[in-house]
Structures are given as C-alpha cells and as structure tokens.
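Encoded as structure tokens, the structure appears first; notes follow it.
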Amino acid sequence: MTSKGRDAGDTQDPLFCQEAEEVYRNPTELKMSQIVLPCHANHCGELSVGQLLKWMDSTACLSAERHAGCSCITASVDDIHFEHTIGVGKVVNIIAKVNRAFTSSMEVGILVNCEDLYTDRQWKVCHAFATFVARRTEAGKMEQMEYSLAAERRRMRLIHAETITDLLSSSTAQLGECQEYQDAVPAERTRVESVELVLPPHANHQVSTFGGQIMAWMENVATIAASRLCNAHSTLRSIDMFHFRGPSHIGDRLVLKAIVNNTFKHSMEVGVCVEAYQGGEPLRHINSAFMTFEVLGGDGKQCTLPRIRPEPVDGKRRYLEAVARKKIRLDRKYIISCHHTEVPVSVPWDPSNQIYLSCNNVSALKLMDTRNNWVLTFEKNKVRLYTLEENHVLCFKVEMHVSVPAEQTFHLLSDLRRRKEWDRHYEECEVITQVDEEDTLYRVAAPSVSKGGKGQDFILLASRRKPCDARDPYLIALRSVTLPTHLPTEDYTRGEVLCAGFTILEESSTVTKITYYNQATPGVLPYISTDIAGLSSSFSSTFSACSLFLEGNKDSLAALPPSAL
Ligand code: COA
Ligand code: ADP
C-alpha cells in the first residue's frame, strides 16, 4: 500500500501495526479491496454495515485458514467502533492477519480503510479483533508485539460475561430502578422479528453458515429496530464484543429478534438475538449482540433521543443491563485504547474496570518495549540510559544486566515496598489493596525535588505478568489511578505516572536483562531530566544500587510471590 496522499496519523493504528517499510510481511496477511456499489448501500447511499461485516469476516477467516491450514469458524468478535460511514463509489480496503495462535483458536486483527480514488486519500473506518477456531493449529511466526498483546485481549474476552454479572450484582443499587417518563416511547414499538433461510451462498464448503453473514442479518434487524424508535434513519456506531455460541448450517432457519433496550441522550442500545432451528427441532441459541446507534439530523448533528418505556420483567432487566454495558463499553474504549496520549493520565480505579486497567497497564508497557527508535543518551557502570521523544512525549528507559535468575528478580522487584531499599525516590510505599495475584494498588511518596518544596505522592496500580513463552519477558507495569479513598492531600502534590515499569528477560539461567521504562509526565520529568541533560548520573547510582539489592537477595526466601504479600 502506498502512503502517498494518506491522511497521516489517521490510518495508523497501534493495535494493528503495519510493517511501515514492508521489511517483514506476516505470511497470514491478506488484503481485500471492494468498490462500494449501489447494491451494497442503504437508501442513504452509504455502505451497509452488514455488507462490511461480511467482507471483514471473510478476509479474516481466509487469513486464519492460511495460518491453520484447515477450515476455521468465527468464535467471537471484540468491540468495533465505526469512525466513518462509507459512500457509494469509494473503495474499501480490508487487511487481516493472524496476531497469535493459541491452542485451537487464533486472534485475527482486521483493519478497514476507505479510499477515495479521485483524491487518492485514505482514512481509517475501524479496526477489529476476531477469534477464529480451527480444528488443528500450529504456532507460526507472528510479530512479537501483536503476539503478546493478543494474550491481554484474550484474558478480557474470556472474562467478559463475568464482568457484566459482577457489575450488575454489585451496582444494582446505583443503576437504580427504571423511571417512568410520560413521553417515553414503548419499547414494544421497536420490536423486530425476522426469519432467514440459510442457503448455500451463505455458507462455506463445509456447510457452516459464514459468521459475517449472520452478523449482516443481525445488523439488518437492529437497524430496523433503531429506526423505529423515532421514525428516522439510524446510524450504527459500535458493536459490542460478542461470541458465536454454536454453529449454524445450510438449511437452518434463523430467527432474528431485536428491540431497543435503552436510550441515552444521543445513543441507544439495540439488542439482537439469533436462534436456529431445522424442522421440529428445538431452537438453538446462535448469537446475541448489542449495538449502539445514533440518529443524525439534517445538519449532521446527533439528535436527542426520546426515553424508552421498557416492557415488564425481561425488558426492565435489559434496560438496567444496558446501563451496565454502556459503562463497560466506555471503559473499554477509553482504557483499552492505545492512543495513550488522548487518555487522561489517571483514570478512576474500581473493581468493574480492574480487568481493563490491568490489561491497559500491561499493553502500554509492552508497546513501549517494542519501540526500536530509542537513542542511547548516557552510559555509566554498564547502566544505559535511553530516551525517545515522540508526539511531544518523552520516554526514557534504563537497561542493565544482573547475575540473578529472572524469576527471583521478578519477585524482588514486584514488591514495590522494597524499592526504597535501592531507590531514594521511594521514600514511603504502602499497599492499599492487593486486588488479586497479579494486581496491587500502592501509595508511594517521593521527596521534593526542590529544597523546602512539597513532596509528591502517587497512587499506582502495579500489574505483574509472567512470560507467555520463552520469548516473553516478565513484566511489572505501573500506572496512576485515582481512588476515592485516597484523594490528594495538602501535604503532597499528587504526581502521576502514565506508563512505567520493568521488563525482566531471562538471558540465561543466571543472567537477567532488566529494563525500566517511564513515559515522563510533568510530575516525573524533574526526577530524570537532569540525568538526560547530562547534569547528573543519579540513574546510574540508583540502578547500580538496584543491582546490589538484587544480588544481595538472590537467595532470599523473603522474595515471596506477590500473592503472599
Ligand atoms: N472468545 C474467543 N475465544 C473463545 C471464546 C470467546 N468468547 N470462547 C471460547 N473460545 C476459545 C477458547 O479459548 C478455545 O481456544 P484455545 O483452544 O486456543 O484455548 C477455543 O475457543 C475452544 O474452547 P472450548 O472451551 O473447547 O470451546 P467452547 O465449547 O467454548 O466452544 C466455540 C467455542 C467457538 C468452538 C463454539 O462456541 C462454537 O462452535 N461456536 C460456533 C462457531 C461458529 O459456527 N461460527 C460461525 C458462525 S455460526
Ligand atoms: P438478554 O435477554 O440477557 O439480553 P438474549 O440473548 O435473550 O439476552 O437477547 C439479547 C437481546 O436480543 C436482548 O437484550 C433483546 O434486546 C433482544 N431480544 C431478545 N429476545 C427478543 C424478543 N423476543 N423480541 C425482540 N428482541 C429480543
């Protein structure tokens, strides 16, 4: 693909890193280009999202099959946010590649760009991650970064249903009861039920229905339900993560049901449920999905939507569940987003977003670890200081080797309370909460940088991960969070850490490479800028002290795993 005339930055997606210089091309990478014809469009002349989902699913499925060497089925699709609609006459370019193979499943990254042939401009429409399941897989070569980030997303996918249940059981009181509004639209008015017969063109050679075809039918009924709410055309903005629960085949009758579950100021949630049957057999649940729609006025602005009056029992339950899903959707969009500079530095921590924050914490560190444009700024006593300046953000890393086994190094560095033994910036450190075996919340206090000034304190989430395989390092990721129980006090300036932490790589059974990363926020910058500028070498003395600390404790049983804290 050419970068000529491309909207710089817009088509770049850190979650789906393309090989900029075409140095290495993932052998599973496949591209599909389609001109949008009137037969693919809705009555507004925009590509129907259902058609787009079919194209995305087939490209991703072919990529998965290329890797697996056998036929694959769509198991699930993560949240998709559509950034633009696509008009008739434009070209849709879809790129799919396998990021990681697990045992029988694979994560496929899909990137959709829209191209205007007349102006040679391209812009990103959306990206997605789909999981395909094969009968037989073999681990192949995949880019290391996507490979390890895929593990983080997989954790989230598998825990998704549990997160919703937890949120609903813990916060029913906060969600409140459905209120009665005089002018509310009865949800019943938006109900759609439609049947489809699965014919050979809808299925693969093994007679299984294409996941993309089912998604297209789901989008169709959801759009009708959404448009019935205020008798106006609705635009699909996002689809939540969903899971194909069971297969469907040629000859199945698919019953698709949709209804508006809840409306918010400018958006509404439509739920769709798909069930299959053949002859007199009982219905099989194939899929349920939740989609967010908007209604745009003539001026292109979002219209304010009417309230909905849910049906008793199930309707009321779905109304409340839609509120919980809205929160999860926002958490995922803003916390998981890898556009870290756009995200507020400290985000509130609470048990319901814990899994996203933890994944985000680790992913951000992994992304920093894969950058290859670090500049060596200073070296002393075999401790190296590197910097990287990009998009007005300064990152630094400190690298050194120690003669301590990697696992012991990991345990010793994991307990932040012991950091004061080698880092004078860690004046005080207390555990606020041991969230689980991998995550801990700490309060850390650092001395003032200027004489007589206030010290700084930080509320940090530390997320630890053991390696997924021999190529992976141990990780200890740190980021700031806010907690209602630990608000800033008068005595300290509240400092923030956007992304920091250690990667610990086993080079041999006795030698370990330790890399410390930090994306310098204004609060952290004063501690390191004198070193970067060459005015001091405190990084070297701090990390030499770290090395002594590790070597002095290399046989210590006190380096217990964090779960034993
Ligand atoms: N998201 C992503 N992957 C998932 C998943 C989800 N929600 N649920 C299960 N998986 C993965 C598992 O991690 C496992 O992968 P691994 O072997 O790499 O560890 C794999 O699916 C099989 O897991 P298992 O627990 O044995 O299977 P299951 O009984 O949960 O079934 C499917 C999972 C996807 C195979 C099953 O639900 C299915 O057949 N769905 C229909 C798929 C289909 O026909 N799609 C086309 C459209 S109809
Ligand atoms: P849940 O009821 O827990 O949301 P389901 O899988 O039964 O889960 O349904 C998913 C969504 O499909 C529902 O939230 C609802 O929006 C829609 N739906 C389910 N059943 C019907 C129905 N009979 N008529 C219209 N829409 C339905």
Side-chain angles (χ1 to χ4, degrees), residues 14 338 340-341 343-347 357 360-380 383-400 409-410 413-414 416 418-420 422-427 429 440 442-447 449 455-465 473-481 493-505 513-547:
C338 279
H340 294 286
T341 47
V343 180
V345 175
S346 291
V347 285
L357 272 171
N360 164 272
N361 200 7
V362 171
S363 302
L365 185 66
K366 283 184 176 178
L367 281 169
M368 233 200 286
D369 189 38
T370 53
R371 311 311 293 263
N372 51 13
N373 40 347
W374 292 97
V375 179
L376 179 61
T377 310
F378 208 46
E379 180 170 1
K380 194 174 171 192
V383 183
R384 298 197 176 99
L385 174 68
Y386 295 83
T387 53
L388 188 152
E389 232 175 309
E390 228 173 41
N391 301 331
H392 311 290
V393 179
L394 174 76
C395 302
F396 64 89
K397 70 169 179 177
V398 181
E399 210 175 75
M400 66 175 179
T409 305
F410 174 65
L413 294 180
S414 283
L416 291 199
R418 299 200 65 181
R419 186 153 158 184
K420 59 171 173 286
W422 56 272
D423 184 353
R424 64 181 177 82
H425 299 127
Y426 268 55
E427 205 168 50
C429 177
T440 314
Y442 291 97
R443 179 182 167 273
V444 174
V449 265
Q456 282 198 86
D457 69 348
F458 299 84
I459 306 298
L460 296 180
L461 170 69
S463 308
R464 293 167 285 266
R465 297 288 188 276
Y474 288 86
L475 290 171
I476 304 165
L478 306 169
R479 67 157 299 150
S480 279
V481 289
T493 308
R494 180 56 55 87
E496 291 189 307
V497 172
L498 185 53
C499 169
F502 297 90
T503 63
I504 299 160
L505 188 68
K513 181 167 114 181
I514 302 177
T515 313
Y516 172 75
Y517 291 93
N518 200 315
Q519 182 167 341
T521 49
V524 173
L525 204 59
Y527 295 99
I528 189 71
S529 51
T530 46
D531 281 349
I532 294 175
L535 295 172
S536 84
S537 58
S538 66
F539 77 93
S540 153
S541 41
T542 305
F543 282 86
S544 297
C546 175
S547 172

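Throughout, residue positions are numbered sequentially from 1 according to the sequence presented.
For Tyr516 and Phe539, the ring centers sit 6.0 Å or farther from each other.
Atom CD in Glu379 sits 9.5 Å away from atom OG in Ser540 (nearest 0.5 Å). Here the OG1 atom belonging to Thr377 is positioned 9.5 Å from the CG atom belonging to Leu388, to the nearest 0.5 angstrom. Once rounded to the nearest 0.5 Å, the distance linking CZ of Arg443 with CG of Asp457 reads 4.5 Å. Rounding to the nearest 0.5 Å gives a distance of 9.0 Å between CG of Leu365 and CG of Leu367. The CD1 atom of Ile459 sits 8.0 Å away from the OG atom of Ser480 when rounded to the nearest 0.5 Å. Note that CZ of Arg384 and CZ of Phe378 are 14.0 Å apart. Values are rounded to the nearest 0.5 Å.
The two atoms that bring Asn518 and Met368 nearest to each other are C-CE, 4.2 Å, heavy atoms only. Between Asn361 and Ala477, the closest heavy-atom pair is ND2-O, 3.1 Å. Here the closest non-hydrogen pair linking Tyr386 and Glu399 is OH-OE1, 3.6 Å. Contact detail for Glu496 and Phe458: the closest heavy-atom pair is N-CE2, 3.5 Å. When all heavy atoms of Ser414 and Tyr442 are compared, the closest pair comes out as O-OH, 3.4 Å. The two residues Gln456 and Gly495 come nearest to each other via the heavy atoms OE1-CA, 3.2 Å.
No side-chain heavy atom of Cys395 sits under 4.5 Å from any side-chain heavy atom of Thr387. Side-chain contact between Asp369 and Lys397: absent, with no pair of heavy atoms (C-beta onward) separated by less than 4.5 Å. Annotation: side chain of Thr515 is in contact with side chain of Lys513 (closest heavy-atom distance under 4.5 Å). In this structure, the side chains of Ser547 and Met400 come closer than 4.5 Å at one or more pairs of heavy atoms. By the 4.5 Å heavy-atom criterion applied to side chains, Ile504 and Ile476 are counted as neighbours. Under the 4.5 Å side-chain criterion, counting only non-hydrogen atoms from C-beta, Phe543 is not in contact with Lys380. Put simply, the side chain of Leu413 reaches to within 4.5 Å of the side chain of Ile514, judged on heavy atoms.
Between Phe502 and Trp422, the ring-plane angle classifies as perpendicular under the 30° and 60° cut-offs.
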For Thr440 and Leu416: C-alpha separation, side-chain torsions, deciding distance, then whether side-chain contact (heavy atoms from CB on, under 4.5 Å) applies.
CA-CA 9 Å; Thr440 314; Leu416 291 199; over 6 Å; no
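There is no side-chain donor-acceptor pair under 3.5 Å between Arg479 and Ser463.
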